[in-house]
S.K.: 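Okay, handing you the structure first.
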Amino acid sequence: MLAMFIVAGEEQGVARSDLTGTVQNDILKEFMVRNTYIYPPEPSMRIVADIIEFTAAEMPKFNSISISGYHMQEAGATLAQELAYTLADGMEYVRAAQAKGLGVDAFAGRLSFFFCIGMNVFMEAAKLRAARAMWSKIMTDFGARSERSKMLRTHCQTSGVSLTEQDPYNNIVRTAFEAMAAVLGGTQSLHTNSFDEAIALPTEFSARIARNTQLILAHETGITNVVDPLGGSYYVERLTAELMDKAWELIAEVEALGGMTKAVETGLPKMRIEEAAARRQARIDRGEDVIVGVNRFRLNDEPQVDILNIDTDKVRAGQVARLNKMRETRDSKAYLAAIATLEQVAASGEGNLLAAAIDAARARASLGEISDAMERGFGGRHHAVTKVIGGVYEDVYHDDPEYQAIRARIADYTTEKGHAPYVLVAKMGQDGHDRGAKVIATAFADMGFKVEMTDMFETPEEVAVKAVTLGVDVVGVSSLAAGHRSLVPDLIARLRDKGGENIEVVVGGVIPEQDYAFLREAGVAEIFGPGSNVLDAANAVLARISGVLRNV
């Protein structure tokens, strides 16, 4: 995509050296939490290094990477984990660039960061303060001499996970507090979420409120008039110091494993974050962490809000038509030559991948064709091992009567039927967020369900084959990217085609209530929106499996 951006610039008469912007390209966090990886870690790190090398030489105004903690906190990481693993990722990228022969000061000034800002106002501000101090020391230790190389420049985004489907106008207040925390902590750039993003894609109305939240902070509150307004506060200074101490310990653990690339290969950071996410959800379900409008102070009647409807089938058809037109009109010889060169650069380890991708983009290779060429050159895709962690819900809930009751009912079912109730947790389409899926898998497994998880980015066909082959009782689809209207009916049809008509399908995630009737008509047995209690979901799924609610 960066190659296409560069070609679009040159075709409009804009020199590479004048291009500004940021490419995220933080692959290590993809392996940990976000999951939009394609290639194994080593060639993926080569892509990072080649982009840093190319932009340092050709695009001095462009930010060559956005090192992202945002997705870690959204996946469930504690603030100390987000801080530590983000900076550890940054250290790994610096080493990758140095391995290309680049001096630190040649590229470090164009590194940028991206943090999540949740509801703990003072802790979030302290996190950004700690990040700046730690990064300065890290870069000094790497030999940086330029003050710009030691600066941590960061973008922040308010938390999507903190948004609730229930009583959604509360989200305007949440986003305002989170945005304030980011500014108090010294962010250089800010994104404010729209209040309806736990329900659907934002409308123009909700996006305008989110935009105006920033304008009010900037022009009416006065908090932008001073650098580090919380500096000197005993409380904030103490929080900053404590976060730094915890983060240094986690970084030392990663370094002992050989750096973040090696740590990612062991799966340690990913498992720590998933455990933290499960513990957080258990505290919410028990009411220990109060979420206004969800587990306390709930409305009796939830008002519906207007949502943005997207016809995903129409979007897909339009994109296919555009691709076909491009392929019919491009110079096929130029395309084939450029894509062969790119594949060779990937396979040989020689040359710069971004430079080769630019030539391919100029010859009108598509994003998929460029990606496929590198996949062939690198020798295949990365396939993560999906694990279901155990014991977290049991540890938190072991003395809870309701939890013990559902465990007893599952045990009775298992004794009666000779096998445990069997659930396949599925992720389909382009949605890489798996926090909800992992939390459900962990909790259900602790309760006594037999649980399997699909790989990421499965097609309905692949999920249906897996479900029928395994002989599961229920497929639980986790959806957060607005694909449920297309993907879920397709899955149900394919299950029926393969003799799996008795397999129940339940759906959870960001699904507007306006779509519930459509999904139920398509054959969905249960729908669990954001904020659903996990024990309630388990009871409902067990009732479906045992036939108590079948065909209701």
Side-chain angles (χ1 to χ4, degrees), residues 73-81 116-124 158-178 181 193 195 197-199 273-303 389-410 435-449 476 478 480 506 508-511 513 526-543:
Q73 187 180 146
E74 289 290 273
T78 65
L79 268 62
Q81 289 171 340
C116 180
I117 304 295
M119 282 297 291
N120 194 328
V121 171
F122 293 112
M123 279 284 282
E124 292 290 2
T158 58
S159 171
V161 167
S162 72
L163 303 180
T164 65
E165 177 188 44
Q166 298 84 357
D167 209 356
Y169 292 107
N170 289 340
N171 296 331
I172 298 172
V173 181
R174 292 187 177 100
T175 294
F177 281 130
E178 291 169 348
N193 290 332
F195 75 84
E197 289 188 43
I199 302 170
I273 291 172
E274 289 174 4
E275 181 178 350
R279 290 189 181 279
R280 163 72 169 162
Q281 186 60 48
R283 292 196 304 272
I284 292 172
D285 287 346
R286 283 175 63 93
E288 295 171 3
D289 290 0
V290 175
I291 309 297
V292 174
V294 177
N295 60 7
R296 292 276 295 278
F297 315 109
R298 289 199 65 156
L299 292 176
N300 292 325
D301 296 308
E302 290 280 351
I389 60 175
V392 173
Y393 262 71
E394 178 67 25
D395 183 46
V396 175
Y397 266 97
H398 66 276
D399 60 349
D400 184 271
E402 187 178 353
Y403 175 77
Q404 292 301 333
I406 181 67
R407 277 183 55 89
R409 284 194 289 274
I410 292 171
R435 175 180 180 160
K438 288 291 182 65
V439 165
I440 288 295
T442 295
F444 274 43
D446 277 1
M447 292 177 212
F449 286 93
S478 173
L480 290 135
V506 302
V510 178
I511 302 165
E513 190 174 346
E526 298 283 349
I527 302 169
F528 306 105
S532 295
N533 183 284
V534 174
L535 293 182
D536 291 343
N539 275 312
V541 170
L542 181 61

S.K.: For Gln281 and Tyr393, run side-chain hydrogen bond (donor to acceptor under 3.5 Å, both in side chains): C-alpha distance rounded to whole Å, both residues' side-chain angles, the deciding distance at 0.1 Å, then the answer.
M.R.: CA-CA 9 Å; Gln281 186 60 48; Tyr393 262 71; 4.9 Å; no
S.K.: Under a 4.5 Å cut-off applied to non-hydrogen side-chain atoms, are Ile273 and Gln81 in contact?
M.R.: yes
S.K.: Just verifying a value: how many Å separate Asp285 CG and Tyr403 OH, rounded to the nearest 0.5 Å?
M.R.: 12.0 Å
S.K.: Yes or no on side-chain contact (heavy atoms from CB on, under 4.5 Å) for Asn295 and Ile284, after CA distance, side-chain angles and deciding distance?
M.R.: CA-CA 7 Å; Asn295 60 7; Ile284 292 172; 3.8 Å; yes
S.K.: Are any side-chain N or O atoms of Gln166 and backbone N or O atoms of Pro530, one a donor and one an acceptor, separated by less than 3.5 Å?
M.R.: yes
S.K.: Any chance you could measure Ile291, atom CD1, to Asp167, atom CG, to the nearest 0.5 Å?
M.R.: 13.0 Å
S.K.: Check whether any side-chain heavy atom of Ser478 sits under 4.5 Å from a side-chain heavy atom of Ile440, and report yes or no.
M.R.: no
S.K.: Can you find a heavy atom in the side chain of Phe528 that is under 4.5 Å from one in the side chain of Asp536?
M.R.: no
S.K.: Check for a donor-acceptor pair, side chain of Asp446 on one end and backbone N or O of Gly391 on the other, with a separation under 3.5 Å.
M.R.: yes
S.K.: Is Leu535 close to Met447 at the side-chain level, that is, under 4.5 Å between some pair of heavy atoms?
M.R.: yes
S.K.: What do you reckon, is CD of Glu513 surrounded by more than 12 foreign heavy atoms closer than 6.0 Å?
M.R.: no
S.K.: Working to the nearest 0.5 angstrom, can you tell me the gap between Ile511 CD1 and Ile199 CD1?
M.R.: 12.5 Å
S.K.: Is any side-chain heavy atom of Phe449 closer than 4.5 Å to one of Leu542?
M.R.: yes
S.K.: I'd like to check the side-chain contact (heavy atoms from CB on, under 4.5 Å) partners of Arg286; sequence neighbours left out, ordered by chain and number.
M.R.: Glu288, Val396, Tyr397, Asp399, Asp400
S.K.: Quick check against the 3.5 Å criterion: does Glu526 have a side-chain atom that pairs as donor or acceptor with the backbone of Val506?
M.R.: no
S.K.: Going through the checks in order, is the side-chain contact (heavy atoms from CB on, under 4.5 Å) test met by Phe444 and Val534?
M.R.: CA-CA 8 Å; Phe444 274 43; Val534 174; 4.3 Å; yes
S.K.: Please identify each residue that fulfils side-chain contact (heavy atoms from CB on, under 4.5 Å) with Ser159, with sequence neighbours left out.
M.R.: Glu74, Cys116, Val161, Ser162, Glu178
S.K.: Rounded to the nearest 0.5 Å, what's the gap from CG on Asp395 to CD on Glu275? Could you check?
M.R.: 8.5 Å
S.K.: Should Asn539 and Arg409 count as side-chain neighbours, where that means a heavy-atom distance under 4.5 Å?
M.R.: yes
S.K.: Could you go through the side-chain contact (heavy atoms from CB on, under 4.5 Å) check for Arg174 and Thr164 one step at a time?
M.R.: CA-CA 10 Å; Arg174 292 187 177 100; Thr164 65; 3.3 Å; yes
S.K.: Look up atom OG1 in Thr158 and atom CD in Glu197, then write down how far apart they are to the nearest 0.5 Å.
M.R.: 7.5 Å
S.K.: Okay, side chain of Thr175, backbone of Ile172: is any donor-acceptor separation there less than 3.5 Å?
M.R.: no
S.K.: Please lay out, stage by stage, how Glu165 and Glu302 fare under the test side-chain contact (heavy atoms from CB on, under 4.5 Å).
M.R.: CA-CA 9 Å; Glu165 177 188 44; Glu302 290 280 351; over 6 Å; no
